[in-house]
Amino acid sequence: MTDPAETDPHRDDVQHEPRVGISAVLKELGEDHPGITASKLRFLEDKGLVHPARTASGYRKFSRADVDRLRRILELQRDRYLPLKVIRERLDADEDARDDDARRTAEAADPVTAPLPIVSAPRTYSLRELASRTGAGIPLVRELVSYGLIREQNGAFDDHALAITRAALALTAHGLEPRHLRPFKAAADRELVLVERAVAPLTSRRDAASRARAVERAQEISGLCLTIHTSLVRSEIAALQERAAVEG
């Protein structure tokens with residue numbers, strides 16, 4: 001039976017890279033691992049070894065890196081009989097080594113011939129750097145990615161992802177896991193639709209001045225939306241406190 005995620009219209013709404021559904025992954029991995037099942041993939045996800053992204057409708061979407069990671073996991077299980085904990089540690093260590101290699105390569109670039117940036121580039125972080133800076137740990141970061149709460153672009157995360165990860169980590173102390181935070185992503189997506197609709201007359205124009213005004217207007221509208229959202233939540237919290245005081 002065809003995986004509904006294969007035909008989901010939002011198949012790439014979580015990441016700007018090609019992703020496939022679980023049935024496509026089973027088909028590819030099944031050539032070398034005939035016993036692989038959807039339940040097995042879900043089990044590996046539950047154990048924190050792989051964290052596929054999810055579409056707005058909740059379907060799992062696997063990137064090429066996810067599929068390659070799954071293939072390596074299955075090979076280590078089959079050929080080395082390693083427990084899942086050891087496999088996860090080994091794969092995470094491999095990722096760390098690749099990040100270090102990429103950093104050394106960048107630092108070794110010729111400073112004379114390397115092009116100078118016109119403006120300072122926004123700060124970005126690798127998965128390992130994001131986990132280290134926030135103290136969240138790689139499993140939590142991967143889980144945030146899988147639920148679309150943070151976005152990885154070209155193997156890097158921005159300062160927005162840093163702030164979200166720190167907040168998500170703090171919320172775990174209150175029993176709130178990433179899966180509980182999906183309503184925030186859904187609400188943000190709905191607010192974005194409102195903003196895009198409001199600035200559409202300006203973004204449809206090709207002149208630079210109109211596009212600049214569109215950006216300014218989008219920032220203003222988004223700020224107003226955040227004000228309403230925050231005020232609504234604070235109003236309900238205040239009402240909750242009043243009820244608690246009366247009952248007390």
Heavy-atom closest contact ([X] atom, [Y] atom, distance):
X      : Y      : result
Ala38  : Ile22  : CB-CD1, 3.9 Å
Leu149 : Pro178 : CD1-O, 3.7 Å
Leu130 : Ile150 : CD2-CD1, 4.0 Å
Pro183 : His180 : CD-O, 3.3 Å
Thr203 : Ala214 : CG2-CB, 3.7 Å

If hydrophobic clusters are built from ILVMFWY residues whose side chains come within less than 4.5 Å, do [X] and [Y] share one?
X      : Y      : result
Leu91  : Leu44  : yes
Val67  : Phe43  : yes
Val145 : Leu171 : yes
Phe184 : Leu176 : yes

Any donor-acceptor pair under 3.5 Å linking the side chain of [X] with the backbone of [Y]?
X      : Y      : result
Ser231 : Ile228 : no
Arg69  : Leu49  : yes
Ser132 : Arg128 : no
Ser146 : Glu143 : yes
Ser222 : Gln219 : yes
Thr227 : Gly223 : yes

Original post:
Stepwise, does the side chain to side chain contact (heavy atoms under 4.5 Å, CB included) test hold for Leu127 with Arg142?
Top reply: CA-CA 8 Å; Leu127 184 146; Arg142 290 188 184 279; 4.0 Å; yes
Flag the pair [X] / [Y] as yes when at least one side-chain heavy-atom distance between them is below 4.5 Å, and no otherwise.
X      : Y      : answer
Arg80  : Glu75  : no
Lys47  : Arg88  : no
Val50  : Leu41  : no
Leu162 : Phe157 : no
Arg19  : Asp66  : yes
Gln77  : Ile87  : yes
Glu191 : His229 : yes
Leu74  : Arg71  : no

Looking at [atom1] of [X] and [atom2] of [Y], how far apart are the two atoms once the value is rounded to the nearest 0.5 Å?
X      : Y      : atom1 : atom2 : result
Leu181 : Ile164 : CG    : CD1   : 10.0 Å
Arg217 : Glu220 : CZ    : CD    : 8.0 Å
Glu196 : Ile221 : CD    : CD1   : 11.0 Å

Subject >> Working for side chain to side chain contact (heavy atoms under 4.5 Å, CB included), residues Arg90 and Leu82 >> reply: CA-CA 10 Å; Arg90 177 172 296 190; Leu82 296 177; 3.8 Å; yes
Subject >> Flag if over 12 foreign heavy atoms under 6.0 Å of NE2, His160 >> reply: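 No, NE2 of His160 has 12 or fewer neighbouring heavy atoms, counting only those of other groups under 6.0 Å.
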Original post:
So, Asp68 and Arg72, do they make that salt bridge, N to O below 4.0 Å?
Top reply: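 No, this pair does not count.
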Original post:
Got a sec, which pairs hit salt bridge (Lys or Arg N to Asp or Glu O under 4.0 Å) with one end in residues 157-182, sequence neighbours left out?
Top reply: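 The answer is none; no pair qualifies.
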Subject >> Derivation of the salt bridge (charged side-chain N to carboxylate O under 4.0 Å, His left out) call for Lys185 and Asp189 >> reply: CA-CA 6 Å; Lys185 179 63 169 61; Asp189 290 340; 3.0 Å; yes
Original post:
Is there a salt bridge (charged side-chain N to carboxylate O under 4.0 Å, His left out) between Asp207 and Arg211 once you walk through the steps?
Top reply: CA-CA 7 Å; Asp207 60 288; Arg211 292 185 177 277; over 6 Å; no
